[in-house]
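Worksheet: the structure to be examined is printed underneath.
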Amino acid sequence: MENIGAFLGFWERGAQKRSNFEETASRSVKRWASTTVFLSFFMILFIGSFLYWVNVVSSLLREEIFASKSSEESLGECPEYFRWIHKDLEPWKHTGISREMLERAKAHAQFRLVIINGDAYVEKYKNAYQTRDVFTVWGILQLLRLYPGKVPDLELMFSCGDRPVVKKRDYEGANSTSPPPVFHYCGDQESLDIVFPDWSFWGWAETNIRPWNSILEDIKEGNKRTKWINRAPYAYWKGNPYVSIAREDLMKCNVTDKYQWKTRLYVQDWHKEKKQGFEKSKLADQCTHRYKIYVEGQAWSVSEKYILACDSMTLLIEPKYYDFYSRSLVPLQHYWPVRTARKCRDIKFAVEWGNTHTRQARAIGRAGSRYMQEKLKMKYVYDYMFHLLIEYAKLLKFEPRIPNEGKKVCAQKLASSQNGLGKRFMVESMVNSSSETLPCTMPPPFEPLSLEAFFENNEMIKRQVEMREKDSWESLKFG
């Protein structure tokens, strides 16, 4: 009605102007009077109608643009760590990936995965530890169900071991060959493995750890049971210390008659735990200390995400390896850095600092937990897989083909082949319908200078923590 009223007002003002115009025209050029009246009437009517419809259409467009904008915001840009996809694929940016390169990767792989027309085929080469390979394939099948028809044809090799397998030093120099592309769960500064989400996002049956969506909710509820300020003011760790020197060394930081390192460290016997029905290994029941320690195993450890999700300030013992999301974590924002060589002293200082700076310590714990809840939700895990496979497929210089020993795999058949917790976790993590939204928008690659600044900033923060600790020990020594 407001639009109509505006139009009528415009028309009345136009009519008055038309009358004045007619009188002037009559006095000056009598014989053109009738023509001028007609043209004036027509022009005013046309302009008034045009402005009215512009107003109506503009209103409709504003509504449409707003709806479109809301839709885009619900998708949004992917988290910052998606930029590492570009970095991981950089070794093949200029050469592409040939059939010969892929076949050289076979020596490192547990299986070959082929996707053609939305169907998955697997050719197995060696046994993986426990069911890592099975749940990795399961995760990829769920991606195909989430985004049916959107994952391009491709062929890849996957390593399910602990440590990276493609050494950077073997492919350096003027006469070196291009590295073989191998997908794997982690990487380090000395390797060229293409980092992919690990199997535990869909559940780890052998340790009774539920799929990520479920365990994240369990931990969230566990966080509510014990508020941070009411938690034990010590650094907690529980796990298998016999898989690495770093973990065995960590156990030396336990409480003794001689030393009080402000820790509570426990050995997790998984064989015993399994016999007792996993009653004492529930991750949601382990968010009872203000500080939790992350230490690597044989390589990176899947435990990192569960520890960070706990609302406790994570004490991250200097890692050698990284997984797909952890490279974008920032010290003193998401965790407290701990040096490997001085871990006991660093842990003690972190706990004492946190207990006297409770607001700051709690904020670091919450930021790490929020990162897990918001930036690592399962939708983003799938989107990371999706974008990585899209970018990888662009590099292939050959036509993917089904291998002679390749077997077609589908979700229902794979789930029915499992039993016990394996089957239960597959059913629990199964994608039952395609996504109603598109994947998040892939961010651009890192600018070299910005990436360098990111690393330098992280190192500067760590040095500041070291200096703060040094000053603290010096004051105790000479105070």
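Counting from 1, the numbers follow the sequence of the chain as shown. Owing to the predicted nature of the structure, the values given are computational and were not obtained by experimental measurement.
For Asp198 and Lys305, the salt-bridge test passes: some basic side-chain N is under 4.0 Å from an acidic carboxylate O. Between Lys106 and Glu103 there is no salt bridge, since no side-chain N of the basic residue sits under 4.0 Å from a carboxylate O of the acidic one. For Glu466 and Arg463, the salt-bridge test fails: no basic side-chain N is under 4.0 Å from an acidic carboxylate O. Glu90 and Lys87 are joined by a salt bridge, as a carboxylate oxygen and a charged side-chain nitrogen come within less than 4.0 angstrom of each other.
With sequence neighbours left out, the ring pair (Phe, Tyr, Trp, His ring centres under 6.0 Å) criterion links His86 to no other residue. Taking Lys282 as the reference, Glu279 meet the salt bridge (Lys or Arg N to Asp or Glu O under 4.0 Å) condition, with sequence neighbours excluded. Residues that satisfy the side-chain contact (heavy atoms from CB on, under 4.5 Å) test with Ala120, not counting sequence neighbours, are Leu113, Leu141, Leu144, Val409. For Lys167, the side-chain contact (heavy atoms from CB on, under 4.5 Å) partners at least two apart in sequence or on another chain are Arg169, Asp170. With sequence neighbours excluded, the residues that form a side-chain contact (heavy atoms from CB on, under 4.5 Å) with Val330 are Gln333, His334, Phe454, Asn458, Ile461. Contacts of Asp193 classified as salt bridge (Lys or Arg N to Asp or Glu O under 4.0 Å), with partners at least two apart in sequence or in another chain: none. For Phe349, there are no ring pair (Phe, Tyr, Trp, His ring centres under 6.0 Å) partners at least two apart in sequence or on another chain. For Tyr322, the ring pair (Phe, Tyr, Trp, His ring centres under 6.0 Å) criterion is met by no residue, not counting sequence neighbours. Remark: Lys343 engages Asp249 in a side-chain hydrogen bond (donor to acceptor under 3.5 Å, both in side chains) (not counting sequence neighbours). Qualifying side-chain contact (heavy atoms from CB on, under 4.5 Å) partners for Ala235, counting only residues two or more places apart in sequence or in other chains: Thr263, Tyr291, Ile293, Leu315, Ile347, Val351.
Remark: Lys280 fails to qualify as a cation-pi partner of Tyr266 under the 6.0 Å distance and 45° angle criteria applied to the six-membered ring. Remark: Arg83 is positioned above the aromatic ring of Phe446, its terminal NZ or CZ atom under 6.0 angstrom from the ring centre and at most 45 degrees off the axis.
Of all non-hydrogen atoms in Asp346 and Trp336, the two that sit nearest each other are O-NE1, 4.5 Å. Residues Ala284 and Arg225 approach most closely at O-NH2, 3.2 Å, considering heavy atoms. Taking all atoms of both residues into account, the shortest heavy-atom contact from Trp92 to Pro179 is NE1-O, 2.8 Å. Closest non-hydrogen pair, Ser433 versus Val431, comes out as O-CG1, 3.2 Å. Between Trp353 and Met313, the shortest heavy-atom contact is CZ3-SD, 4.4 Å. What you find for Met426 and Val134 is that their closest heavy atoms are CE-CG1, 3.5 Å.
Neither side chain, Asp218 nor Tyr306, offers a donor N or O lying under 3.5 Å from an acceptor on the other. Inspection of the Ser369 and Lys220 side chains reveals no N or O donor paired with an N or O acceptor under 3.5 Å. Under the 3.5 Å distance criterion, with hydrogens and angles disregarded, no donor-acceptor pair is assigned to the side chains of Tyr234 and Arg290. Judged purely by distance below 3.5 Å, without hydrogens or angles, the side chains of Ser328 and Glu80 never pair a donor atom with an acceptor atom. With no hydrogens or angles considered, no side-chain donor-acceptor pair links Arg145 and Ser434 at under 3.5 Å. No donor-acceptor contact under 3.5 angstrom links the side chains of Glu296 and Ser244, judged on distance only.
Within 6.0 Å of CD1 on Ile245 lie no more than 12 heavy atoms contributed by other residues, nucleotides or ligands. Environment of OH in Tyr242: sparse, with no more than 12 heavy atoms of neighbouring residues, nucleotides or ligands closer than 6.0 Å. Within a 6.0 Å radius of CD in Glu428, more than 12 heavy atoms belonging to other residues, nucleotides or ligands are found. The 12-atom threshold is not exceeded at NZ of Lys375, counting heavy atoms of other residues, nucleotides or ligands nearer than 6.0 Å. Around NZ of Lys408, the count of heavy atoms belonging to other residues, nucleotides or ligands within 6.0 Å does not exceed 12. Arg366 CZ: 12 or fewer foreign heavy atoms inside a 6.0 Å radius. For CD of Glu399, the number of neighbouring non-hydrogen atoms (other residues, nucleotides, ligands) closer than 6.0 Å is 12 at most. For Glu447, the CD atom counts as loosely surrounded, since its 6.0 Å shell holds 12 or fewer non-hydrogen atoms of other residues, nucleotides or ligands.
A centroid separation of 6.0 Å or more is found between the aromatic rings of Tyr325 and Tyr380.
Residue Asp88 holds its CG atom at 7.5 Å from CG of Leu388, rounded to the nearest 0.5 Å. Expressed to the nearest 0.5 Å, how far CZ of Arg327 lies from CG of Leu451 amounts to 10.0 Å. Between the OG atom in Ser326 and the OH atom in Tyr335 there is a gap of 9.0 Å [rounded to 0.5 Å]. Distance check, rounded to the nearest 0.5 Å: CG of Leu283 to OG of Ser281 gives 7.0 Å. For the atom pair Lys423 NZ and Leu414 CG, the distance stands at 11.5 Å (nearest 0.5 Å). Met372 CE to Ile307 CD1: the interatomic distance, rounded to the nearest 0.5 Å, is 11.0 Å.
Looking at Arg362, Lys292, Gln286, Arg231 one by one, the single match for side chain to side chain donor-acceptor pair (under 3.5 Å) with Ser312 turns out to be Arg231. For the ring pair (Phe, Tyr, Trp, His ring centres under 6.0 Å) criterion with Tyr384, the lone passing option out of Trp84, Phe324, Phe196 is Phe324.
With Arg163 contributing its side chain and Ala299 its backbone, the two residues share no donor-acceptor pair below 3.5 Å. Under a 3.5 Å cut-off, the side chain of Arg247 and the backbone N or O of Gln298 do not form any donor-acceptor pair. Counting only distance, with no hydrogens or angles, the side chain of Thr441 and the backbone of Glu77 share no donor-acceptor pair below 3.5 Å. In terms of modelled atom types and a separation under 3.5 Å, the side chain of Trp228 and the main chain of Gly365 share no donor-acceptor contact.
Ring geometry for Tyr147 against Phe386 counts as tilted: the plane angle lies between 30° and 60°, on a 0 to 90° scale. By the 30° and 60° cut-offs, the orientation of the rings of Tyr81 relative to Tyr371 is tilted. Between Trp212 and Phe201, the ring-plane angle classifies as perpendicular under the 30° and 60° cut-offs.
Sorted by first and then second residue, the disulfide (SG to SG under 2.5 Å) pairs involving residues 276-323 (not counting sequence neighbours) are Cys287-Cys310. Sorted by first and then second residue, the side chain to side chain donor-acceptor pair (under 3.5 Å) pairs with a member in residues 128-140 read Gln130-Trp204, Thr131-Glu206, Arg132-Asp162, Thr136-Tyr185, Trp138-Ser429; sequence neighbours excluded.
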CA sep, side-chain torsions, deciding dist, call: Thr95, Met101, side-chain contact (heavy atoms from CB on, under 4.5 Å): CA-CA 10 Å; Thr95 63; Met101 291 179 196; 3.9 Å; yes
